[in-house]
Amino acid sequence: MIPVLNYIYVSVILSAFLSSLIRFRLDLPFHLRLFSCLLGVTFVVELLAGILFRPHHISNTPLYNAFAGPEFWVYGFYYYQLIRVRLLRKIIFLFLIIFPIFWFVTVFFLFGFTIWNSYVLITGSFFSVLFAIMYYYQLIIAKDIQSLRNLPEFWIATGMLVFYLGALPYFGTLNFLLDYYKIHRGVSRSLLNVLKIVNTLMYGLFAYGFLCRIINTRKS
């Protein structure tokens, strides 16, 4: 990965976290406070994985495998707090029960911590997209029309949809690319850089989501 791109990526995550802290004291609902805490943990994980581990040739795969389970579960719980449609809440509730078991089995009995756990990443990415679409559906059927530009949850859902739609095919082929890295080195690096750019965009949308009310209030 391009070193400058890595620094930009981590800096944008930090910006998203700091943006959430600015709004933290402004009567944020619980689901946004939870998301703010996740951003803080994500920043620490990415700082360790991208800036501290890699230069010292320490594998960051165990760190990512350990973090993927809690990260996707928190995404699910975030949407469980947000979604009000009964059927959709049941689907999310089942995810919250089954996904930790799935993560535990695949990590400890199938892949281990040292091999990239593509099953968890593909499953988590799929449900992240599904949850974002559920939220869009809730907005469409809502009786009250809300201003999307002032809605943090809309920008968070949009960021997740943009990134995880693109990440799904990448995560699905990642183990293959790693196995044949010497042959597909150029392709692997190019795809990783593109994914990192889209991931940076996602966290940029998260930052805007937390600041959108402040920004739009000052403009008006």
Side-chain angles (χ1 to χ4, degrees), residues 16-17 19-21 23-42 66-107 110 117-169 171-172 198-199 201-214 216:
F17 176 55
S19 300
S20 70
L21 292 183
R23 288 290 313 280
F24 204 90
R25 294 180 295 177
L26 303 180
D27 298 323
L28 280 181
F30 174 74
H31 61 272
L32 288 178
R33 290 175 180 264
L34 175 67
F35 206 88
S36 173
C37 294
L38 178 62
L39 287 175
V41 177
T42 302
F67 180 60
E71 179 185 29
F72 286 119
W73 191 91
V74 171
Y75 283 163
F77 190 74
Y78 163 83
Y79 281 103
Y80 185 74
Q81 297 292 315
L82 188 59
I83 299 296
R84 292 290 172 262
V85 181
R86 182 175 298 179
L87 176 61
L88 302 184
R89 282 176 62 85
K90 289 182 179 179
I91 295 173
I92 300 174
F93 183 74
L94 287 175
F95 170 84
L96 294 175
I97 294 175
I98 297 173
F99 184 76
I101 300 172
F102 174 74
W103 173 84
F104 182 86
V105 171
T106 56
V107 167
L110 189 58
N117 194 332
S118 58
Y119 288 5
V120 165
L121 290 170
I122 293 171
T123 304
S125 298
F126 171 80
F127 277 98
S128 296
V129 170
L130 181 62
F131 296 154
I133 293 174
M134 287 179 180
Y135 174 68
Y136 282 166
Y137 173 75
Q138 179 169 279
L139 287 178
I140 293 171
I141 66 172
K143 295 180 180 179
D144 300 327
I145 299 177
Q146 304 182 63
S147 175
L148 297 182
R149 70 174 188 171
N150 295 330
L151 205 58
E153 294 85 353
F154 169 77
W155 295 106
I156 290 174
T158 301
M160 293 178 66
L161 193 64
V162 167
F163 173 69
Y164 286 109
L165 271 177
L168 264 172
F171 289 149
V198 180
N199 207 1
L201 174 61
M202 179 182 75
Y203 285 104
L205 289 172
F206 289 173
Y208 180 81
F210 279 101
L211 295 176
C212 61
R213 290 185 182 177
I214 299 174
N216 292 317

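The structure displayed is predicted, hence computed values, not measured ones.
- Of the possible polar contacts, none joining the Ser125 side chain to the Ile122 backbone as a donor-acceptor pair under 3.5 Å is found.
- Counting heavy atoms from C-beta outward, Val198 and Val162 have side chains that approach closer than 4.5 Å.
- Relative ring orientation between Phe77 and Phe30 is described as perpendicular, the plane-to-plane angle rising above 60° on a 0-90° scale split at 30° and 60°.
- Side-chain contact check for Tyr75 versus Phe127: every heavy-atom pair is 4.5 Å or farther apart.
- Nearest heavy atoms, Ile92 versus Gly76: CG2-O, 3.2 Å.
- The side-chain heavy atoms of Leu32 and Glu153, taken from C-beta on, include a pair separated by under 4.5 Å.
- No donor-acceptor distance shorter than 3.5 angstrom exists from the side chain of Glu71 to the backbone of Gly124, with no hydrogens or angles considered.
- Residues Val41 and Val74 form no side-chain contact, since every pair of their non-hydrogen atoms from C-beta on lies 4.5 Å or further apart.
- Atom OG1 in Thr123 sits 8.5 Å away from atom CG in Asn117 (nearest 0.5 Å).
- When atom types are taken as modelled, the side chain of Thr158 and the backbone of Phe154 share a donor-acceptor pair closer than 3.5 angstrom.
- Judged purely by atom type and a 3.5 angstrom limit, Trp155 uses its side chain to pair as donor or acceptor with the backbone of Leu148.
- Judged by distance alone, the side chains of Tyr79 and Ser128 never bring a donor and an acceptor atom under 3.5 Å apart.
- Taken from CD1 in Ile141 to NZ in Lys143, the straight-line distance is 10.0 Å, to the nearest 0.5 Å.
- Side-chain atoms of Arg33 come within 3.5 Å of backbone atoms of Leu28 as a donor-acceptor pair (strictly under, hydrogens ignored).
- For Phe99 and Trp103, the ring centers sit 6.0 Å or farther from each other.
- With values rounded to the nearest 0.5 angstrom, Arg149 atom CZ is found 7.5 Å from Tyr208 atom OH.
- Checked against the 6.0 Å centroid threshold, Phe72 and Tyr164 count as a close aromatic pair.
- At least one side-chain heavy atom of Ile156 sits less than 4.5 Å from a side-chain heavy atom of Tyr78.
- Contact detail for Ala132 and Ala157: the closest heavy-atom pair is CB-O, 3.7 Å.
- The distance from atom CZ of Phe17 to atom CG of Leu38, rounded to the nearest 0.5 Å, is 10.5 Å.
- Heavy atoms only, all atoms of each residue included: Pro152 and Cys212 are closest at N-SG, 4.0 Å.
- Separating the CG atom in Leu39 from the CG atom in Leu21 is a distance of 9.0 Å, to the nearest 0.5 Å.
- Between Phe35 and Phe206, the distance from one ring center to the other falls under 6.0 angstrom.
- Nearest approach of His31 to Leu82, heavy atoms of both residues: NE2-CD1, 3.7 Å.
- Taking CE from Met134 and CD1 from Ile91, the interatomic distance works out to 4.0 Å, rounded to the nearest 0.5 Å.
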Verdict with reasoning, Leu168 to Phe126, per side-chain contact (heavy atoms from CB on, under 4.5 Å): CA-CA 7 Å; Leu168 264 172; Phe126 171 80; 4.3 Å; yes
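- Leu161 is listed as a side-chain neighbour of Tyr136, based on a closest heavy-atom distance under 4.5 Å.
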